[in-house]
Amino acid sequence: MQLEKVYEPRRFEPHWAQWWVESGIYRAEWQPGKPVFSLVIPPPNVTGSLHMGHMLEHTEIDVTVRWHRMKGDVTLWLPGTDHAGIATEMVVSRQLQAKGIQYRRDLSREEFEKKVWEWKAESGGTIKRQMIQIGTSCDWSRERFTYDPGMSRAVREVFVTLYEKGVIYRGEYMVNWCPGCNTAISDLETVHEETAGHMWHIRYGPLVVATTRPETMLGDTAVAVNPRDERYAGLTSVTLPLVNREIPVVRDEIADPEFGSGAVKITPAHDPNDFEAGKRHNLPIIQVIGQDARMTDAAGKYAGLDRYEARKRIVEDLQALGVLERVEDYTVSLGKCQRCRTVVEPLVSKQWFVRTKPLAAKAIAAVDEKRIEIIPEVWVKTWNEWMHNIRDWCISRQLWWGHRIPVWYCDSCGYEMASRDDVATCPKCSGPLRQDPDVLDTWFSSGLWPFSTLGWPDQTEDLKHFYPTTLLITGFDILFFWVARMSMLGIEFMGEVPFRKVYIHGLVRDAEKQKMSKTKGNVIDPLVVTEEYGTDAVRMALLTGAAPGTDIVFSPERLDTSRAFSNKIWNAARFLFLNMERCSVDPWMAEDVNAYLPAANAAVEDRWIFSRLNECAREMNRAIDSCRYHEAAQSVWHFIYDDFCDWYIELKKMKFVEGCGLNDDWRNLLAVFESALRLLHPVMPFLTEELWHRLGGAEGKSISLLAYPQFDPARYDSEAEREIGLLQDVIRAARNLRADLGLDPKMPLEGRVSIAVDEVAVQRLAGLKITVGEVRKTGVVRSTAAFDLSIDVPAGQMEVQKKRVEKEREQLEKNIANCRRQLSDEVFLGKAPAKVIDSIRAKLAEYEAQLAKLNAL
RNA sequence: GGGCGGUUAGCUCAGCCGGUUAGAGCGCCUGCCUUACAAGCAGGAGGUCCACGGUUCGAUCCCGUGACCGCCCA
């Protein structure tokens, strides 16, 4: 029954991690009449391994999930991963490239897909191992992958249904084209970066236009001026330099008369605004830059040049022509591909889109009406801002890894059909059909995650019991990518929101508050830190900083502190076990520890610690329920460290009687310790499971399946709280006096106290032999409203006492003056609530009593 | 350009509905190896709650303006 001297989590964490999975105890089994808590994991991308952000997310989820399970809810945490189309395709293509393989040139689509599946097995395995190591209590029997057959069925069902409803359409529109990834990407996948560039002013005959992208002039099909701009009245056309093409001058609001010359060039093929203007004026579209970011044949003598090379040449040629009026430095906002950072080229291209406005309206309403609650609430504004301005969602990607678009074309008769099943021959002409080569945006499938994972489109039991999910915990970076899409698609297909609550967590930053990123080299690997400090300590370190709405600064100091806390608990347990041996106490557990209470005549510290335990239970339940994880961490920390270790055990120490056997004192102690472990379990699952078993928890059982301590107002023991509170104050006052006087800690002291206190406790914890009675004015005296304490000290120490008393007097006088000022203020008395006035009166009386005592010395 | 958030102890942050002497952890200072724990124990110092104005009997908290920092969108 001995515990090793040093807390070494490596000795037991792997064991429990493995057992939790193998025992299958976290499989959700629905039972009628029981409350349900269900949550789906934000599926990590199979692009590698988990980082600290995942660990924070998983820790917050796990705390909540373990708490719900212990509360007795039917609890489902559904795990899984995301095929992450473009991201994974990039990872694998880079690996192939390193071996000299250009996948689109050297491999068939099938061969490439096989390679990606191999990679998926590896990355998915790593992710699962990591999750197991950090103690996530999910239901592995329900693990899913966004590209597994069930998901693919759901994807087809959704696509075809929306296609049939006309919500999904195909058309030639301007999209963000990434020449690096060779695919169209959505607006959300492009990031804008301020970059130093130039503004070139070019003369087009009688007017001057300005542009940051002179190479696009080859595709100009008009110049626009503002309809109200009188400078250009009557001008109907100009000649495009270099190309010598006659282009019209159109009147359009796109031209701002205040900006530059008031005239703008219109290139419908290469700018989203120009594209719209082009449609308004029926302008032709001349594409001069291709998907490979090289100039097309339409660019004449510049054909084949890279777009930047072409820019250089065109500027030179314009200069030679004498039509380059001037060049100025200009900051341009460049759209870049989120994945590969290549500058995106706006191109007109035939793609698939989802009409989002009607879907978004329902999602907006769901949040408005609090059918989806977003926490912290500040994110609601951001949500509304984006949702109200939502644009159609480009869902086709020119990739190989992902759900292939379920649309077939007949080249013989031109028939097009969307189908849930693969089709080979045209139903119209029996000619051969060809499937659309493109795949769907990865978010299209993850957007179905809360219901597709539960078996939809089949009406499964799981779907019935676990949808809508109770809570979603995720990061703000995917609020639109994912949360918004899930909301829209969930409402559309299930007729019900996908989750009742969304908690948005912060970002994990390094000790210098920097974002963790691979390029900065400041990433912390969860596996490495959990190995070093123990998973429990890392979890605790993350949670203590996890205040809603703030980022988490993750520093080594924080880890040290958390590990010290783990060690503290470990040693408290070790101490109990040592004394159990000394006292011949066998392991014992209360039948129903949550109902256990010390007897009415039990030692006051027993009644007190159960009262504190009850308060801590109140805090824990409230904090976890409201996603205030930092408060939960702090509250259980304080209970265990301060109340339990520093006071309760210290008070109990002196009462262990050798060979006493299991008596009520021991029962109280063991019961409160077990309850403390239960309170802590969601936060530090490994340590608590280990200690619970050492305490006598049966093999094959788990603390994680036991009932969580609940708050009961009747358990507040005001008498015990008052009594121990006084004892603590007396002990602190004595320690304080001793330190003030600079006395040797071992020097025996005698003193008097005006109220009845536990003399043994004062002796043991303050080294003071105390007698109840009148204080001795010859000693040093400390007075509070509740008691007076005097300590006999050798002569010559009174100077310190005088100084201290003076300081105290000053403070009291200040407080008294302050109270009096308020109480003599008529307006204050007239307007402040009685409660506040009463409390000030009470305070004043207290201060005055204390001052009187001080003055009587 | 539009929007959002932040500014509280040396550091990282709490502080709910406006009302005690504004809190915690780390760090710092002093003293202790007190038979669980030096990854520990006891005690202590440290604050113009960014600035200015307003509302209020009363403002760290609400409102306005400004400064600085960060983020999102175009």
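Sequence lines set the chain letters: A, B, ... in the order given, protein chains first and strands last, and positions in each chain run from 1.
Nucleotides B/G27 and B/U12, compared at atom P, are 15 Å apart to the nearest Å. Annotation: B/G23 and B/C28 have their P atoms spaced 23 Å apart (nearest Å). Look at the C1' atom in both B/A24 and B/C63: the space between them is 31 Å, to the nearest Å. For the C1' atom pair drawn from B/C72 and B/C29, the interatomic distance equals 45 Å after rounding to whole Å. Remark: the separation of the C1' atoms in B/U30 and B/U35 is 26 Å, to the nearest Å. For the C1' atom pair drawn from B/C13 and B/A22, the interatomic distance equals 14 Å after rounding to whole Å. Here, B/U8 and B/C49 have their P atoms 11 Å apart, quoted to the whole Å.
Between A/Glu650 and A/Lys653, at least one side-chain nitrogen of the basic residue sits less than 4.0 Å from a carboxylate oxygen of the acidic one, meeting the salt-bridge criterion. Of the charged side-chain nitrogens involved, at least one lies within less than 4.0 Å of a carboxylate oxygen, so that A/Glu345 and A/Arg213 count as a salt-bridged pair.
Using a 4.0 Å heavy-atom distance criterion, A/Tyr641 is classed as a sugar-phosphate-only contact. Nucleic acid contact class of A/Glu385 (heavy atoms, under 4.0 Å, all strands): none. Backbone-only engagement by A/Thr561 is indicated by non-hydrogen atom pairs under 4.0 Å involving sugar-phosphate atoms exclusively. Among the atoms of the strands shown, base atoms are found under 4.0 Å from some heavy atom of A/Lys653.
Out of B/A39, B/G5, B/G25, the shortest distance to the side chain of A/Lys381 is found at B/G5. Picking from B/A36, B/A39, B/G43 the nucleotide with the shortest atom distance to the side chain of A/Ala572 gives B/A36. Here the nucleotide nearest the side chain of A/Val553, chosen from B/C26, B/U12, B/A39, is B/U12. Among the nucleotides B/U12, B/G43, B/A42, the one closest to any side-chain atom of A/Arg558 is B/U12. Distances were taken from every side-chain heavy atom of A/Ala547 (C-beta onward) to each of B/A36, B/A14, B/G43; the shortest belongs to B/A14. For A/Cys645, the side-chain atoms get nearest to B/A36 when compared with the rest of B/C26, B/A42, B/A36. Between B/G5, B/A14, B/C37, one nucleotide has an atom nearer to the side chain of A/His630 than all others, and that is B/A14. Taking every side-chain heavy atom of A/Ala739 into account, B/G43 is the closest of B/G43, B/C26, B/A36. In this structure, of B/A14, B/U12, B/A74, it is B/A14 that holds the atom nearest to the side chain of A/Arg628. The nucleotide whose nearest atom lies closest to any side-chain atom of A/Val378 is, among B/C37, B/G5, B/A39, B/G5.
Between the CD atom of A/Glu276 and the P atom of B/A74 there is a distance of 15 Å, rounded to whole Å. The separation between A/Leu691 atom CG and B/C37 atom C1' is 14 Å, rounded to whole Å. With rounding to whole Å, A/Asn736 atom CG is found 16 Å from B/C41 atom C1'. Taking atom CZ of residue A/Arg735 and atom P of nucleotide B/U34, one finds them 15 Å apart after rounding to whole Å. Between the NE2 atom of A/His388 and the C1' atom of B/G3 there is a distance of 14 Å, rounded to whole Å.
B/C17 shows a glycosidic angle within 90° of 0 and is accordingly assigned syn.
The ring of A/Trp666 has its center closer than 6.0 angstrom to the ring center of A/Phe656. When ring centroids are compared, A/Trp570 and A/Phe12 come within the 6.0 Å threshold.
We find the CD1-CD distance between A/Ile524 and A/Glu532 to be 10.5 Å, quoted to the nearest 0.5 Å.
Pairing of B/C32, defined by two Watson-Crick or G-U wobble distances under 3.5 Å, is identified with B/G40. With a cut-off of 3.5 Å on both Watson-Crick or G-U wobble distances, the partner of B/A59 is given as none.
The closest donor-acceptor contact from the side chain of A/Arg558 to the backbone of A/Phe554 lies at 3.5 Å or more, if one exists at all.
A donor-acceptor contact closer than 3.5 angstrom is absent between the side chains of A/Asn621 and A/Asp625.
In terms of position along RNA chain B, the nucleotide closest to A/Arg764 lies nearer the 5' end than the nucleotide closest to the other residue of the pair A/Val6 and A/Arg764. When each of A/Arg582 and A/Tyr7 is assigned the nucleotide of RNA chain B with its nearest heavy atom, A/Arg582 is the one assigned upstream, toward the 5' end.
Applying the 3.5 Å distance criterion, the base of B/A42 shares no donor-acceptor pair with the side chain of A/Glu650. Judged by distance alone with a 3.5 Å cut-off, a donor-acceptor contact links the side chain of A/Lys568 to the base of B/C37.
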